[in-house]
Trainee: 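Supplied in structure tokens, the structure appears directly below.
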Number of protein chains: 2
Amino acid sequence: MRVASPDIDRVFAAFADHTRRDIVRRAISGKEGVLELASHYPMSFAAVQKHVAVLERAGLITKQRVGRRKVVRTNMDRLFVARRLLDQYEEVWRARIDRINELIAERPGTIGTKEPDR
Amino acid sequence: MRVASPDIDRVFAAFADHTRRDIVRRAISGKEGVLELASHYPMSFAAVQKHVAVLERAGLITKQRVGRRKVVRTNMDRLFVARRLLDQYEEVWRARIDRINELIAERPGTIGTKEPDR
DNA sequence: AACTGATGCAACCATACAGTTGTATCAACG
DNA sequence: CGTTGATACAACTGTATGGTTGCATCAGTT
């Protein structure tokens, strides 16, 4: 699944707030409406609703009508997209470590050899 | 390793920009100075320097004097902290799925049983 | 000590976010 | 079909981001 860079931007920006991270966590259960969510936080309902809107724009949650509420549910796929991106950094890092180990294996006894700092 | 919420905020905020994500990727190698990094992007040196400052405040990179440059290096530990946090959401999610499966196993034949929407 | 490569920082502009209060929409229920 | 529970949106404030240009600092090199 290809995700454009501005989308990724929005996902990480959405995570850059403690309240929003908590909303994502709560919405994994997919049981609460916006008003119920708002009751957990020391701010106005409108503020929480704006947080929900940010999360929705980032694709991290969806809303569905149930009765007269709109139930908020976390979109796990989007969460996995973000995690996958962080994984890629680790892959690059591990590849580099492996490469260093190869070099050490190929040319033993050269540790500490002085090279100019350019 | 305990990381305070404002720190987490800064880490994710730092990731919410394509240029900064690319700087983190490049700095895994830990070879380039700020000026060299800046040469890769279509913006002023000062702009890149500010991005580097944001990453540094987030603890995602460190700088070290080498010759007359300051070499930028990614702090993989911080990266892992962010990934670990995303992992936790997945853990919550999987725990919930497991719980659902348990319920299905315990009470077979109740799928589709109508419950009021509260 | 002077030069200069490399980085840091301040001031400024436009845009976006986090919060507030107030008003408007909208659909379920009696 | 009117009431009301629940959500959405608009306007405003303070603060942060992302970019610019210009100047200041700091440490190698000569």
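In what follows, chains carry the letters A, B, and so on, assigned in the order in which the sequence lines appear, proteins first and then strands, with residues in each chain numbered from 1.
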Trainee: Decide, yes or no, whether a salt bridge links B/Arg99 with B/Glu102 under the criterion of side-chain N to carboxylate O below 4.0 Å.
Mentor: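 Looking at B/Arg99 and B/Glu102, the cut-off is met.
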Trainee: Inspect the contact between A/Arg26 and A/Asp22 and indicate whether a charged nitrogen and a carboxylate oxygen are less than 4.0 angstrom apart.
Mentor: yes
Trainee: Between D/dA8 and A/Gln49, is there an OP1 or OP2 to side-chain N/O distance shorter than 4.0 Å?
Mentor: yes
Trainee: What is the distance from OH of B/Tyr41 to P of D/dT20, rounded to the nearest Å?
Mentor: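 That distance rounds to 14 Å.
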Trainee: A quick test of your reading: do over 12 heavy atoms of other residues, nucleotides or ligands sit less than 6.0 Å from CD of B/Gln64?
Mentor: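 It does not: B/Gln64 CD has 12 such atoms or fewer within range.
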Trainee: If only side-chain N and O atoms of B/Lys70 are considered, is one of them under 4.0 Å from the OP1 or OP2 phosphate oxygen of D/dC26?
Mentor: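 Looking at the OP1 and OP2 atoms of D/dC26, neither is under 4.0 Å from any side-chain N or O of B/Lys70.
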Trainee: Just compare C/dG22, C/dT7, D/dT7 and give me whichever is closest to any side-chain atom of A/Ala46.
Mentor: C/dG22
Trainee: Begin with the C-alpha distance, continue with both residues' side-chain angles, and end with the deciding distance and a verdict on side chain to side chain contact (heavy atoms under 4.5 Å, CB included) for A/Val48 and A/Met43.
Mentor: CA-CA 7 Å; A/Val48 173; A/Met43 65 188 75; 3.7 Å; yes
Trainee: Over how many whole Å does the gap from A/Lys63 atom NZ to D/dA6 atom P extend?
Mentor: 15 Å
Trainee: Would A/Arg21 and A/Asp17 pass as an ion pair if we require N to O under 4.0 Å?
Mentor: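 Salt bridge: no.
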Trainee: Measure from CD on A/Gln64 to P on D/dT7 and round the result to the nearest Å.
Mentor: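 One finds 13 Å between P of D/dT7 and CD of A/Gln64, rounded.
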Trainee: Under 4.0 Å, heavy atoms only, any strand: does B/Ala53 hit a base, just the sugar-phosphate, or nothing?
Mentor: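 It contacts nothing in the nucleic acid.
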Trainee: Under 3.5 Å, which protein N or O atoms sit close to an N or O of nucleotides 16-19 of chain D? Give each pair with its distance.
Mentor:
from   : atom 1 : to      : atom 2 : distance (Å)
D/dG18 : OP1    : B/Arg20 : NH2    : 3.1
D/dG18 : OP2    : B/Arg20 : NH1    : 2.4
D/dG18 : OP2    : B/Arg20 : NH2    : 3.2
D/dG19 : OP2    : B/His51 : NE2    : 2.3
D/dG19 : N7     : B/Lys50 : NZ     : 2.9
D/dG19 : O6     : B/Lys50 : NZ     : 2.5

Trainee: Is it the case that atom NE2 in B/His40 sees more than 12 heavy atoms from other parts of the structure closer than 6.0 Å?
Mentor: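 Count over threshold, so yes.
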Trainee: Which value, rounded to the nearest 0.5 Å, describes the distance between B/Arg96 atom CZ and B/Asn101 atom CG?
Mentor: 11.0 Å
Trainee: Can you tell whether the side chains of A/Lys70 and A/Glu32 come within less than 4.0 Å, N to carboxylate O?
Mentor: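 So A/Lys70 does not pair with A/Glu32 through a salt bridge.
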Trainee: Tell me the interatomic distance from B/Glu32, atom CD, to C/dA6, atom C1', rounded to whole angstroms.
Mentor: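 Going from CD in B/Glu32 over to C1' in C/dA6 covers 14 Å.
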Trainee: Calculate the interatomic distance between A/Phe45 atom CZ and D/dA6 atom C1'; express it in whole Å.
Mentor: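 These atoms are roughly 7 Å apart.
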Trainee: Give the rounded distance in Å between these two atoms: CZ of A/Arg69 and C1' of D/dT7.
Mentor: 13 Å
Trainee: With a 6.0 Å cut-off on the ring centroids, do B/Tyr89 and A/Phe15 count as close?
Mentor: yes
Trainee: Listing time: all N or O pairs from protein to nucleotides 3-5 of chain D that are below 3.5 Å?
Mentor:
from  : atom 1 : to      : atom 2 : distance (Å)
D/dG5 : O4'    : A/Arg68 : NH1    : 3.2

